[in-house]
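One structure is given here, and the rest of the page talks about it.
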Number of protein chains: 2
Amino acid sequence: MWQCQGVKSPAAPAGAVRQGSLRELNLALVLGRIAAARRPPSRAALAADTGLTRATVSAVVEDLVAGRLVTEADPTPRAGAGRPARGLMLAGDGPAGLGLEINVDYLAACVVDLAGQVRHHTVHRVDLRPVSPADALARLAELAGRARADAESQGLTLAGAAMGVPGLVDDAGQVRLAPNLGWRDVPVPQLLAEHPPLTETVDGVPPLVVDNEANLAALGELHAGAAPGTFLHISGEVGIGAGIVLNGALFRGTRGWSGEIGHIPVRPDGPPCRCGGRGCLELYAGQEAILSAAGLAGADLPADRASTRLTQLAEAEHPAVLHALAEAGTAIGVTVASVVNLLDLDTVVLGGGYAPLTGWLRPPVLAEIERRVLTAAWSPVTVRPATLGATAASVGAAGSVVRRIIARPGGWLARL
Amino acid sequence: MWQCQGVKSPAAPAGAVRQGSLRELNLALVLGRIAAARRPPSRAALAADTGLTRATVSAVVEDLVAGRLVTEADPTPRAGAGRPARGLMLAGDGPAGLGLEINVDYLAACVVDLAGQVRHHTVHRVDLRPVSPADALARLAELAGRARADAESQGLTLAGAAMGVPGLVDDAGQVRLAPNLGWRDVPVPQLLAEHPPLTETVDGVPPLVVDNEANLAALGELHAGAAPGTFLHISGEVGIGAGIVLNGALFRGTRGWSGEIGHIPVRPDGPPCRCGGRGCLELYAGQEAILSAAGLAGADLPADRASTRLTQLAEAEHPAVLHALAEAGTAIGVTVASVVNLLDLDTVVLGGGYAPLTGWLRPPVLAEIERRVLTAAWSPVTVRPATLGATAASVGAAGSVVRRIIARPGGWLARL
DNA sequence: CGCTATTTGTTCAGTGGTTGAATTAAATGA
DNA sequence: TCATTTAATTCAACCACTGAACAAATAGCG
């Protein structure tokens with residue numbers, strides 16, 4: 001019913017390379033190049049690009065077209081002498097992924113097709129803190145059902161679903177701890193098992209993956225943005241999470257709990273955090289901390305309004321807000337400097353609530369990086385806002401489903 | 001002449017999967033299993049393990065034996081009914097790797113065979129700070145020449161060399177900065193090009209790889225110790241460096257400069273560090289800091305004696321030393337907690353000068369981890385000393401050469 | 001001592017998938 | 001109109017894996 005993505009690096013075959021694996025690997029290779037290309041490549045271009053023969057590419061493409069993963073581009077894309085090339089692109093009418101997100105103050109569902117287009121998107125604003133996990137998941141299942149119906153009416157086939165939650169998810173898909181949601185040891189797969197839209201299985205594709213929201217948002221950014229293959233994506237929501245993308249793959253750590261950047265100590269002797277530590281980043285750059293430093297703690301803003309309100313006040317050059325953002329940016333910068341010293345990353349993406357505040361956060365972040373990163377002189381670090389907005393996690397979730405098909409098309413093609 | 005290892009994950013084929021690749025992949029698969037097995041496995045056991053047919057395994061093994069990478073174990077290892085199995089093990093008389101290290105107060109060269117045995121090891125103690133890079137490398141080349149002669153007299157064939165330096169190495173093999181050695185922009189490959197023992201090329205294998213010493217030490221620990229595939233290896237020398245091993249592969253970052261843990265800020269407003277930052281880990285847990293906190297700053301100890309002297313005094317329960325180690329351990333613990341929050345690692349290896357001090361450093365390190373790591377309750381972190389001693393970097397360097405052959409035997413077999 | 005059971009390793013015809021060259025297809029341009 | 005050029009397909013050859021049958025080597029048992 002569910003399955004948590006493994007920790008292994010994705011590109012490693014690792015197992016036996018049997019005879020049929022060869023075709024499977026080449027299907028993945030060719031499909032991957034088609035997905036990565038900026039314009040629809042011809043078979044000949046793919047052959048030159050991959051090193052395979054044109055004959056092999058033709059055979060492989062035939063399989064991909066028959067399996068509804070690839071279509072030929074109708075218009076002749078290129079001029080010149082010789083027979084015109086027929087461009088190949090990812091099919092928009094084949095498999096699609098269902099992405100779900102449960103967060104503190106909203107539920108979201110979306111459908112993304114193989115080409116990465118968002119074909120359906122619904123957000124349902126509701127404060128979920130007073131709602132039981134079972135009820136929350138029931139409402140999410142309802143959204144998922146509508147998304148599924150919409151997708152099918154567009155001729156799409158859902159190939160799987162992924163769901164993001166703001167907390168720690170274990171190997172069994174269980175939410176061990178979601179502090180801001182008040183969840184503890186919630187067996188999501190079991191609770192969702194009763195809801196039909198999420199239980200239908202397609203061969204070879206895990207029907208539901210439960211994952212941390214910051215991880216999925218980072219994946220969304222990887223595929224949607226023009227991001228390079230290695231970056232740190234920081235999601236500034238009520239809590240602060242991060243997704244670490246290394247060489248085009250999400251790094252999940254040994255238990256899948258990487259990216260807990262919000263509890264990295266900024267000042268080891270600072271004020272106590274409810275996590276048990278002291279001086280954690282969240283105490284300096286979390287949403288509550290920024291609001292409180294800006295003198296807006298009393299204002300009873302809904303969580304989703306806080307970010308836009310901050311942006312408005314910052315644009316109006318409100319002194320306390322500017323100061324609060326500078327302080328938060330410095331704390332983020334100290335933490336990011338640690339990460340860059342450790343991992344030698346060259347790109348940091350500010351996502352979630354931080355994205356619209358990038359203009360004010362970037363200068364202090366860059367200042368700390370330049371002061372504290374040993375290699376900063378040779379290796380400039382780019383700090384930029386996320387290109388996906390608040391939908392990053394659900395789009396990333398849906399994207400992770402179709403990406404898995406692109407990475408391993410053999411399973412999908414063998415389904416019939 | 002030189003080549004810096006790429007940043008890509010090693011197991012990814014990534015390129016074209018041509019027909020011959022299939023054999024190449026299976027050669028690597030089988031050889032890898034033979035290398036990883038605790039006792040020499042039979043062909044039948046390998047077939048069951050890998051999922052290949054016994055026929056295929058036999059054919060693959062035949063190639064590996066013909067290429068002097070694998071030998072049959074003479075004694076019948078196992079009893080029971082049926083035809084006795086013939087164990088397969090890595091050949092001890094085939095290719096070997098040359099490992100070199102240049103450090104502040106010594107030069108080292110060693111030869112490691114395919115099975116991981118150290119077949120030659122020389123350490124030449126000399127303070128290299130007053131010596132010019134060219135002279136230092138000339139002396140190292142001399143050591144390398146002797147190592148090569150010794151290896152050849154044992155019937156080994158050197159398949160390549162790797163060299164560790166305590167500093168930042170760029171893609172061109174150039175040492176951009178080695179603060180404790182006083183080097184800046186030293187073109188190692190060019191300077192070594194004049195020394196015959198290091199210039200002979202073997203097809204398909206880069207003759208010399210220059211890498212950071214902490215990275216190579218981590219690799220040495222990965223292959224020598226019973227370490228799992230994912231851990232952080234901290235080298236406590238004059239400076240503090242770290243090697244990050246993720247899923248069995250060293251993570252080098254976008255420019256190859258990962259692991260600069262010594263300049264992660266512990267107290268952002270602490271005393272200034274010569275790197276330009278403030279409150280870096282090195283100021284609290286570097287060798288000088290520990291000696292100074294222990295009241296031994298004036299004692300004019302040679303660098304290599306400092307570590308043993310500290311151990312002696314700690315064993316004698318010298319109060320100032322115990323206090324200094326507790327302080328250093330706390331600082332390391334704060335930093336390690338950040339790393340574990342970020343990467344969700346479950347193992348931390350204390351290497352270099354820290355290894356013999358593990359007994360005193362571990363308690364404060366663990367205490368900080370437990371206080372500050374969000375997932376510590378479910379996910380215990382092991383802190384243990386490195387199994388390799390001061391030779392870790394040079395052994396790791398030589399090991400990286402033979403490991404590359406094991407990971408990609410096709411190139412070696414095609415050399416003839 | 002001889003027979004059977006059992007497990008290992010090899011042989012060999014068969015097959016799937018890639019290869020490379022030849023061929024066909026479809027356009028441009030003189 | 002025809003040579004030129006580039007794209008895509010066809011087809012015999014080949015390489016490496018497969019699966020089953022077979023040979024080898026030992027333990028156990030009567």
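Note on naming: letters A, B, ... go to the chains in the order of the sequence lines (proteins, then strands), and numbering restarts at 1 for each one.
- B:Leu208 has its side chain out of reach of B:Leu98: every pair of non-hydrogen atoms, C-beta onward, lies at least 4.5 Å apart.
- Across the protein-nucleic acid pair, A:Asp49 atom CG and D:dA7 atom P stand 14 Å apart, rounded to whole Å.
- The phosphate of D:dA8 has neither OP1 nor OP2 within less than 4.0 Å of any side-chain N or O from A:Arg86.
- For the pair A:Arg43 CZ and D:dT9 C1', the interatomic distance rounds to 10 Å; values are reported in whole Å.
- Taking atom CG of residue B:Leu25 and atom P of nucleotide C:dG17, one finds them 16 Å apart after rounding to whole Å.
- An OP1 or OP2 oxygen of D:dA8 is reached within less than 4.0 angstrom by a side-chain nitrogen or oxygen of A:Ser42.
- Residue B:Ala44 is in sugar-phosphate contact alone, with no base atom involved, counting any heavy-atom pair closer than 4.0 Å across all strands shown.
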Pairs under 3.5 angstrom, nitrogen or oxygen only, protein versus nucleotides 21-25 of chain D, please.
{"unit_1": "D:dA25", "atom_1": "N3", "unit_2": "B:Arg83", "atom_2": "N", "d": "3.1"}

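- Listed by chain and residue number, B:Arg54, B:Val57 satisfy the side chain to side chain contact (heavy atoms under 4.5 Å, CB included) test with B:Ala47 (two or more places apart in sequence, or in another chain).
- The residue among B:Ala55 and A:Val60 whose nearest nucleotide of DNA chain C is located toward the 5' end is B:Ala55.
- The side chain of A:Thr56 places an N or O atom within less than 4.0 Å of a non-bridging phosphate oxygen (OP1 or OP2) of C:dT19.
- For the OP1/OP2 pair of D:dA8 and a distance below 4.0 Å, the side-chain nitrogens and oxygens of A:Ser58 include no atom meeting the criterion.
- Put simply, CD on A:Glu24 is 12 Å from P on C:dT18, counting in whole angstrom units.
- Only one option out of B:Val61, B:Leu22, B:Asp63 pairs with B:Leu27 in a side-chain contact (heavy atoms from CB on, under 4.5 Å); it is B:Asp63.
- The side chain of B:Leu22 has D:dA16 as its nearest neighbour among D:dA8, C:dT18, D:dA16.
- In this structure, CD of A:Glu62 is placed 15 Å from C1' of C:dT18, rounded to the nearest angstrom.
- In this structure, the side chain to side chain contact (heavy atoms under 4.5 Å, CB included) partners of B:Ala59, at least two apart in sequence or on a different chain, are B:Arg23.
- Among residues two or more places apart in sequence or in another chain, the side chain to side chain contact (heavy atoms under 4.5 Å, CB included) test is passed with B:Glu62 by none.
- Between B:Asn26 and D:dC17 there is a side-chain N or O to OP1 or OP2 distance below 4.0 Å.
- Residues that satisfy the salt bridge (charged side-chain N to carboxylate O under 4.0 Å, His left out) test with A:Asp49, not counting sequence neighbours, are A:Arg33.
- Distance CG (A:Asp63) to C1' (C:dG16): 12 Å, rounded to an integer number of Å.
- Taking every side-chain heavy atom of B:Leu52 into account, D:dT18 is the closest of D:dA16, D:dT18, C:dT19.
- In this view, B:Ala115 and B:Leu90, B:Asp113 satisfy the side chain to side chain contact (heavy atoms under 4.5 Å, CB included) rule, not counting sequence neighbours.
- Taking atom CG of B:Leu46 as the reference point, atom P of C:dT7 lies 18 Å away to the nearest angstrom.
- Rounded to whole Å, atom C1' of C:dA25 lies 14 Å from atom CD of A:Glu72.
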